[in-house]
J.: 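What follows is a structure written as structure tokens; I'll ask about it next.
Reminder, nothing fancy here: chain letters follow the sequence lines and each chain counts from 1.
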Amino acid sequence: MAHITETNAQYYQGAQGFQSTGGTDYPATFNQDLVYFTSDPTVNTYALNNFKVYSSATGLPGTYVETNGAGVFDVENNVLKFGVAPPVGTFIVIQLKKLDGGIYGATEAEKAFGDTVEDNYGGYQYVKLNDIVNNFMVGYVGDGKIIQTCKKSDVVFFAKRSLQEFSYDTLKSIKSQELTVPASLSLVIPQDYVNYVNVSWIDALGVKHPLYPNNNITTNPYYNLVQGDDGVPTQDTFGQDIEGTSLTEERWRNANQKLINGTWYADFDWFGYANSDLWSLNGPWNWGRLYGIDPQYSNSNGFFGINERTGHFTFSSNLVDRLVVIEYISDGLAYDLDTKVPKLAEDAMYKSMLYNIVSVRAGQPEGVVQRYKKDRYAALRNAKIRLSNIKLEEITQVMRGKSKWIKH
Amino acid sequence: MVDINTVYTTVLYILNKEQRGYIPPAEFNSLATQVQKEIFNSYFPDGNQLNRANQQNIQNDTEFFNMFKDNAFKISYFEQDVDFVYSAVDDIWTYNNPSRSLYRTGEIISTYDGNPTLNSVTEFASKKEFTEITNSKLTSPTTQYPLCYITNVLSASFYIVALKISPQPDSVKVNCVVNPRNPSWAFTTGTLGQYLYDFNNSVMFEIDSSEQTNLITGILKYAGVIIRDPEIIQAATQEAAKVQQNEKA
């Protein structure tokens with residue numbers, strides 16, 4: 001059975017057409033399921049449907065009108081069911097929501113605006129986790145195989161664990177957020193965040209400038225205790241330590257970053273005159289001068305940190321009002337749409353699940369376990385190479401800029 | 001299916017040889033029920049034993065001489081897709097049909113209406129496993145991977161099988177093995193007081209036709225006990241042992 005079941009129109013336009021033969025039922029066969037709440041546009045959940053229905057007596061462009069109304073249609077098992085059968089010969093179109101609204105709506109209000117169609121674009125490069133589990137049960141579990149029997153929950157467990165591990169270091173990092181740094185110099189950590197890949201600020205040309213972590217230069221104290229005169233933390237009436245605000249964070253927020261990254265002299269328009277006196281200056285701008293500045297801090301782009309206490313990304317003061325992009329990884333299980341695996345890593349998933357299941361079973365010969373461990377390692381390495389997206393022509397192009405004598 | 005009249009007449013023919021004795025229809029029906037049950041019950045441990053050839057990759061790939069498939073074929077007469085009914089009071093799914101009681105429950109398909117409608121294979125677990133699997137975020141049951149355990153509920157004067165399924169499906173269909181119906185050699189009384197076979201009211205043996213020999217020897221074995229004839233018991237037992245040895249070799 002061919003894996004592609006959608007027509008070209010379904011994939012590219014997100015539209016499926018029917019001509020009425022007097023029946024009430026019209027089965028949709030999109031890759032995506034129809035999301036249906038109501039056919040009544042006066043109910044606010046109508047906007048949550050991921051499709052619209054149009055009909056036309058002639059089927060000619062420009063003659064389609066949106067079909068809706070209380071009880072006009074229903075959807076059950078992805079079958080569009082009309083309350084009253086459309087007249088024989090009527091052209092009916094199910095249009096999934098699309099960024100440009102599709103071609104059937106005559107007015108802006110009638111168009112089907114949304115991104116359902118775009119969500120499906122490129123979907124063929126992925127395989128759903130559910131399919132991975134089912135394929136595994138068929139191919140690897142059964143009488144006469146290494147895994148004679150296995151609970152499905154075990155397979156699901158190791159499939160999800162494998163996806164988590166793959167998300168951390170093998171699969172492409174596709175998650176990112178574009179945000180503006182507010183006056184508080186902090187942004188909430190994304191909901192499905194596990195770790196960051198990189199953080200950058202974006203200039204007027206759209207070019208990204210990497211930010212570096214402030215790990216060794218400042219910190220975000222977890223407990224900010226209020227002390228008495230004797231230095232001992234004070235407690236409230238419930239016996240709990242009283243906490244105040246962090247002075248470290250406040251000083252970092254107010255810090256002139258140029259005194260840290262070594263570009264402080266840009267602030268001194270009299271630098272040319274005062275140069276000889278600078279050696280005698282005392283103050284925070286002397287930071288790093290004794291042994292020379294460490295290259296990891298000589299970064300004029302700015303710094304970011306993670307305040308674990310408040311669950312925020314924090315930014316250095318020179319980044320206020322700047323556009324930043326946080327690229328991060330999740331574990332692949334946060335949302336249903338995430339639970340998919342690139343086909344280039346499908347075999348590595350099977351091998352990983354196989355090894356994990358065999359390795360925790362009692363009585364398995366150690367030779368078998370080791371064999372699957374090696375299989376898993378080799379498949380994982382292959383997946384990493386494949387997903388690294390190494391293209392010979394692109395490497396050649398990069399190398400051309402590296403040296404004058406690498407030519408072809 | 002095995003014709004009950006053939007079995008009864010054969011049994012009577014063997015027993016009456018040398019005027020050993022006679023089994024009336026009521027006694028025959030009791031013995032027939034007992035022997036059919038014994039043969040039916042033996043399919044399951046036999047199937048387990050015969051499956052070892054599959055597990056060890058030493059099974060033959062012939063069309064008709066694979067004994068595991070042969071054994072599975074014999075059970076196919078009793079396989080039924082059974083609809084379970086939801087009981088909101090106990091939050092369980094039950095099956096209650098005294099005329100066709102369940103022997104084993106197999107694959108459980110839970111159906112969830114929606115877009116799309118999901119027909120999900122339901123994992124069968126013990127109560128303990130059900131709790132453990134449910135408590136893990138990675139394995140907690142979903143409409144794609146539902147989970148169930150078997151329990152029972154009092155219905156009238158006896159307990160019936162019930163399934164607790166999570167998440168709550170819209171309908172449940174279970175591939176079950178049902179118990180065979182009790183065979184019965186029905187009769188009418190002739191003018192001379194003799195028993196006349198009544199085909200229309202008789203119930204045939206439901207097990208496979210290949211079991212006719214086993215049925216006859218099994219009934220003879222018990223009949224030998226009834227008429228106190230050790231020779232019959234010994235002959236029937238030896239015959240049954242020979243058949244069994246041949247099948248499992």
Side-chain angles (χ1 to χ4, degrees), chain A residues 27-37 48-51 73-81 94 96 116 128-134 136-138 141-165 331-334 336 339 353 356, chain B residues 47-61 66-69 71-72 106-126 128-149 165-167 169-171:
Chain A
T29 56
F30 296 101
N31 280 350
Q32 293 150 297
D33 297 319
L34 297 183
V35 176
Y36 170 78
F37 288 88
L48 298 177
N49 292 353
N50 71 346
F51 67 97
F73 61 81
D74 191 6
V75 177
E76 198 177 305
N77 194 21
N78 289 325
V79 177
L80 181 70
K81 292 171 179 281
I94 301 172
L96 296 182
T116 306
K128 289 179 182 168
L129 193 67
N130 190 35
D131 292 328
I132 294 264
V133 171
N134 290 337
F136 187 87
M137 293 299 286
V138 170
V141 181
D143 290 329
K145 296 170 183 169
I146 291 291
I147 305 173
Q148 305 261 0
T149 179
C150 184
K151 287 181 203 157
K152 202 165 189 179
S153 52
D154 284 358
V155 176
V156 172
F157 175 84
F158 286 115
K160 288 186 176 177
R161 280 295 301 121
S162 297
L163 179 58
Q164 284 181 310
E165 292 299 321
D331 67 353
L333 298 178
D336 283 345
T339 54
M353 291 158 65
N356 282 312
Chain B
N48 181 40
Q49 189 179 341
L50 294 167
N51 191 40
R52 286 176 201 151
N54 295 329
Q55 294 174 318
Q56 293 161 9
N57 284 325
I58 54 170
Q59 185 60 270
N60 69 67
D61 192 31
N66 180 328
M67 295 310 291
F68 175 78
K69 279 200 288 190
N71 195 70
E107 189 175 64
I108 300 162
I109 303 293
S110 297
T111 300
Y112 297 89
D113 296 337
N115 294 309
T117 294
L118 293 173
N119 294 310
S120 305
V121 177
T122 310
E123 184 181 343
F124 190 82
S126 67
K128 174 174 173 283
E129 290 167 337
F130 183 90
T131 309
E132 288 170 351
I133 293 170
T134 303
N135 284 346
S136 163
K137 263 195 170 182
L138 289 177
T139 57
S140 59
T142 63
T143 53
Q144 283 182 326
Y145 308 114
L147 186 66
C148 79
Y149 67 86
I165 303 176
S166 174
D170 293 297
S171 62

J.: Tell me, side chain or backbone of A:Q148 under 4.5 Å from chain B's heavy atoms, or both, or neither?
T.: side chain

J.: In Å and rounded to the nearest 0.5 Å, what is the CD to OG1 distance from B:E132 to B:T134?
T.: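 Taking CD in B:E132 and OG1 in B:T134, the distance rounds to 9.5 Å.
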
J.: Counting only non-hydrogen atoms closer than 4.5 Å, can you tell me which residues of residues 111-119 of chain B sit against chain A?
T.: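 Residues in range: B:G114, B:N115, B:P116, B:T117.
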
J.: Which residues satisfy the salt bridge (Lys or Arg N to Asp or Glu O under 4.0 Å) test with A:K151, sequence neighbours excluded?
T.: B:E129

J.: In terms of heavy-atom pairs under 4.5 Å, which option from A:V133, A:L34, A:N130 contacts chain B the most?
T.: A:N130

J.: For A:K128, give me all partners under salt bridge (Lys or Arg N to Asp or Glu O under 4.0 Å), at least two apart in sequence or on another chain.
T.: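 Expected list: none.
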
J.: If you count every heavy atom of other residues, nucleotides or ligands that lies below 6.0 Å from A:E76 atom CD, does the total exceed 12?
T.: no

J.: Whether the side chain of A:K160 engages the backbone of B:L138 through a donor-acceptor N/O pair (distance < 3.5 Å, no angle test) should be reported.
T.: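 It does hold such a pair.
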
J.: When only pairs under 4.5 Å are counted, which of A:V35, A:N78, A:V156, A:D154 shares the most heavy-atom pairs with chain B?
T.: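 Max contact count across the listed options: A:N78.
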
J.: For the pair B:Q55 and B:R52, evaluate side-chain hydrogen bond (donor to acceptor under 3.5 Å, both in side chains) and give the outcome as yes or no after the intermediate values.
T.: CA-CA 5 Å; B:Q55 294 174 318; B:R52 286 176 201 151; 5.3 Å; no

J.: With sequence neighbours excluded, what pairs up with A:D74 under the side-chain hydrogen bond (donor to acceptor under 3.5 Å, both in side chains) test?
T.: none

J.: Evaluate side chain to side chain contact (heavy atoms under 4.5 Å, CB included) for A:I94 paired with A:F73, printing each intermediate quantity in order.
T.: CA-CA 12 Å; A:I94 301 172; A:F73 61 81; over 6 Å; no

J.: Select one option (side chain, backbone, both, neither) describing which atoms of A:L129 are under 4.5 Å from chain B's heavy atoms.
T.: backbone

